[in-house]
Amino acid sequence: MKQIIPKITFWRVVAVIIVVAGLYSTYLRFTGGLGASTNLSDEFPWGLWIGFDILVGVGLAAGGFTICAITHIFNIEKYKPLARPAILTAFLGYLLVIFGLMYDLGKPYNIWHAIIYWNPRSVMFEVAWCVMLYTTVLFLEFLPIALEKFRLKKLLAFMKKVGIPIMITGVILSTLHQSSLGSLFLIVPQKMYPLWYSGLLPVFFFISAVGAGLTMVIFEAYLSARAFNKGIEADLLSRIGLYGVIILMLGLIIKLIDFALTDKIHLLFTINNYTLLFYLEILVGTIVPFGLLIQKRIRENRRWLYASAIMVISGFLLNRLNVSITSITPGAGVSYFPSIYEISVTLMLVTLGMWAFKFIAKNFPVFASEVHFENHNLKYSEKLSEGKI
Amino acid sequence: MIKQKAILFDATLCAGCGECYNACKEANHLPETTDDFLKDHLSANTYTVVEEYGDVYTRKMCMHCVDPTCVSVCPVGAMEKTELGPVIYDGDKCLGCRYCMQACPHHIPRYEWNKVNPTVKKCIMCYDRVKNGQQTACAEACPTGATLFGDRDELIKIAKERLESDPDTYYQKIYGLEEAGGTDVLIISPVPFDQLGFAENLPKEALPTYTAKALEKIPGVVAGGGVFLAAMYWLTKRKNLIAAEEKQNNMNSTSGDEK
Ligand code: SF4
Ligand code: SF4
């Protein structure tokens, strides 16, 4: 049953306010330049739009390639129901990243220059190409879903044939640029607080994106279960959550080993704001959710599962902001805090992303899995699909 | 090989007169930004400043690194290290990502924050003049010889001689000889350089080598990853097929499989 006028709910009102504020900031940004709309400065040229819209956006979209790899390349088919929502999130995530870039780039109309002017020595060049190619790949991965909807059988059959090479390309591209987002900061060893600077930044970025990307799938399932009364088996989700936190824990262990090898352990005992933020990041993002999800009873309780997913995502967010903002020592001791306009644009992007997800999920067979698997171990048969979440 | 040009700034000789500051403004057609040039800062309208630290004056400007970080990070090659030494910039190519600003170890490039069509601004070592065999505007204007322009190796020799012949006056270091791989602006001073606001914690290697190590791994990741993933696909697919067949044989039950 379609409603013509949407019901007025609290969250809808909030969303509308956010979008209106975002549009006003957009107006400021494109009429007054970055100076009128942001708190960026010569001493602090990268802020929230890089730290959140780009680094967090790309990172959280990592669920897409991880689930794709699990289901289509490693052929662990029971996770297939998770693949489509993850691909959709990734695709939207990347579109939003590109959209967000339009705000942050001083000359957004030159964005296509990355195609014709090459500087292969630049990590940013690599990121640009990966993002372009991977967005195309995500589009191709999403295409079958659209084709199914419009019943274009021939094309669909063709897409299925080329599907695997596309997926493989996608996994490689993701691996490359998830890590190269970390490599972006390799070049500023003397500007970063050492708790975050490491030669292993690309590795840390990759690991944390995989962990947080997997956990993001839980969060998506939660949202979509609320929105459509459709859900995915709790069994699958709780395992994905478990794998996610195990990966994050591994990442943390590597980080601690790296601390030991580079003589940074003492920094963990130097109490200042950096250390506190670092502890917050690893406690909220890794240690506590790991401690929770490692226990079977807790991870099979959907509320705890979601709570842990939200913790992981918050910790991930904090990590990216810590790397890109907190840890950077500005040139003249100028400090940076995002302006209300920067924040409102970011909130608007998130809201638009959720709307788009909802719209597409409603109109395309995103949650209808192509696989019909029966007698699949449903022993933890608590289903999210009951819509009671 | 063309000889790399450079600037040698000797803080012991600088009188703080501001002639270089004015000459730079004029040569680059930059608007006036302050009444007191000693209080000015680098900005999109000021490419060089004279700063006062106690009784020592120093200059700040783009250091024209030998292997410049800004050049290596720019995704579209808008920053360019010319053969002669000056690091120049092409605003038509630039995307405005500001990675050059973020990455510069000397905190140099500035931005036109309040423009809708902004460009990056910094000293370009009067490239047009240097190309024609002239010296930079600041060196030409300097009445005391504190700012000299010439071949980099010549200037290094002069600097070394000064440090050697007058060890009481000079702090025994040439700033820019090996800071982040070396720069084409060399500075000598009576006091340690951190006292003049220069970054003293820079590594000796050029910073681009830090990212080069990561970029080198890309071909390996692509090739290795491709082979690994293709192999995994093939293996796991086979395993699943065999498992499905066995299941069918054993239990003779329908599997409802997709293929
Ligand atoms: S000082 Fe900064 S802007 Fe100048 S050449 Fe070096 S890296 Fe580039
Ligand atoms: S701001 Fe322009 S010059 Fe600087 S790195 Fe980006 S594209 Fe290159």
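Since we're looking at a predicted model, the values are computed, not measured. Chain identifiers are assigned alphabetically (A, B, ...) following the order of the sequence lines, protein sequences preceding nucleic acid strands; residue numbering begins at 1 within each chain. No hydrogens, no waters, no symmetry mates; every other heavy atom, side chains included, goes into these values.
Proximity to chain B (any heavy atom under 4.5 Å) is restricted, for A/Ser41, to the backbone atoms N, CA, C and O. In this structure, no portion of A/Pro165 lies under 4.5 Å from any heavy atom of chain B. Interface residue B/Asn117: backbone and side-chain heavy atoms are both found under 4.5 Å from chain A. Heavy atoms of A/Leu184 lying under 4.5 Å from chain B belong to its backbone as well as its side chain. With a 4.5 Å cut-off on non-hydrogen atoms, A/Thr31 touches chain B through its backbone but not through its side chain. Using a 4.5 Å cut-off between heavy atoms, B/Ala103 touches chain A through backbone and side chain atoms alike. With a 4.5 Å cut-off on non-hydrogen atoms, B/Leu215 touches chain A through its side chain but not through its backbone. For B/Ala199, no part sits under 4.5 Å from any heavy atom of chain A, backbone or side chain. With a 4.5 angstrom heavy-atom cutoff, A/Glu126 touches chain B only via side-chain atoms.
Panel note: side chain B/Asn114, backbone A/Leu34; no donor-acceptor pair is recorded below 3.5 Å. Side chain of B/Lys115 to backbone of A/Gly35: no donor-acceptor contact under 3.5 angstrom is found. In this structure a side-chain-to-backbone donor-acceptor pair under 3.5 Å is missing from A/Asn119 to B/Val76.
The two residues B/Lys237 and A/Asn75 come nearest to each other via the heavy atoms N-ND2, 3.3 Å. Nearest heavy-atom pair, A/Met124 versus B/Pro75, reported as atom, atom and distance to 0.1 Å: CG-CG, 3.6 Å. B/Asp92 and A/His113 get closest at one heavy-atom pair: O-CE1, 2.9 Å. When every heavy atom of A/Pro45 is checked against every heavy atom of B/Met101, the shortest pair comes out as CG-CB, 3.8 Å. B/Tyr111 approaches A/Asp42 most closely through the heavy-atom pair N-OD1, 2.8 Å. Closest approach of B/Ala214 and A/Leu186 over heavy atoms only: CB-CD1, 3.7 Å.
With chain B as the partner, the residue from A/Val188, A/Ile168, A/Thr169, A/Ile328 showing the most heavy-atom pairs under 4.5 Å is A/Ile168. Comparing A/Phe30, A/Phe74, A/Phe125 by how many heavy-atom pairs each has under 4.5 Å with chain B, the most go to A/Phe74. The candidate with the highest count of non-hydrogen atom pairs below 4.5 Å against chain B, out of A/Ala36, A/Gly32, A/Pro202, A/Ala114, is A/Gly32.
Note that CG of B/Leu229 and NE2 of A/His72 are 13.5 Å apart. Values are rounded to the nearest 0.5 Å. Distance check: B/Trp113 CH2 to A/Asn39 CG gives 10.5 Å after rounding to the nearest 0.5 Å.
For the pair A/Leu40/B/Arg98, a side-chain contact is recorded, criterion being any heavy-atom separation below 4.5 Å from C-beta on. When side chains are defined from C-beta on, A/Ile187 counts as touching B/Ser72, because their heavy atoms get closer than 4.5 Å. Between B/Gln102 and A/Phe185 there is a side-chain heavy-atom pair separated by less than 4.5 Å.
Using a 3.5 Å distance cut-off with no hydrogens or angles, the side chains of A/Asn110 and B/Lys93 do not pair a donor with an acceptor.
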Go through the steps to decide whether A/Arg121 and B/Asp67 satisfy the test salt bridge (charged side-chain N to carboxylate O under 4.0 Å, His left out), and finish with yes or no.
-> CA-CA 12 Å; A/Arg121 274 181 92 199; B/Asp67 184 359; 3.0 Å; yes
